[in-house]
Amino acid sequence: MTERIYAGSVEVPMKPVARSVIALALATSWTPFNSWAQQSETELLKQARVTKHQAKKIALARVKRGAIKCVELEKENGLLIWSVDIAQPPKKDLTDVWVDATTGKITAVEVETPITEKKEVAEQKARKWLSDHRAH
């Protein structure tokens, strides 16, 4: 059985040995990765005109009676956005609100089920691992 990890628009087949190698690499490379991630986030923060606090307020105005679970500044499709994940207990789904980090406008709202959230986290880890190891 082969798993597939989607890295951007490239489909990469994964074999059990490759999964083990990636897991080991991720486990042993957290320190360099965290350093790279902090530098990257610092560069993105310099470009943002909307603060993290402002993005949270904007997202919570859109999703009533919610609790923020995670806020990340990232580039998506060339656009600098704050991705704000909001939970609305007792629901298990998260609502991901994208707030444009330069204008403060909401550019997307997407409901993520626990299954899609796990898939997204796995894809992010794979992309980060690939980008970290391409630099070396």
Taking atom [atom1] of [X] and atom [atom2] of [Y], what is their separation to the nearest 0.5 Å?
X	Y	atom1	atom2	answer
Thr103	Ile81	OG1	CD1	11.5 Å
Glu74	Leu79	CD	CG	10.5 Å
Leu94	Ile86	CG	CD1	9.5 Å
Asp132	Arg127	CG	CZ	14.5 Å
Asp96	Asp85	CG	CG	4.5 Å
Leu80	Leu44	CG	CG	5.5 Å

Minimum heavy-atom distance between [X] and [Y], given as atom pair plus value:
X	Y	answer
Gly66	Gln88	CA-CG, 4.0 Å
Cys70	Glu72	SG-CG, 3.8 Å
Lys64	Ala61	NZ-O, 2.7 Å

Trp82 (side chain) donor-acceptor with Val50 (main chain) under 3.5 angstrom: yes

Any side-chain heavy-atom pair of Lys92 and Thr113 under 4.5 Å: no

Side-chain heavy-atom pair Val71, Ser83 within 4.5 angstrom cut-off: no

Same cluster (ILVMFWY, side-chain, under 4.5 Å), Leu60 and Val99: yes

ILVMFWY network linking Val84 to Leu45, side-chain heavy atoms under 4.5 angstrom: yes

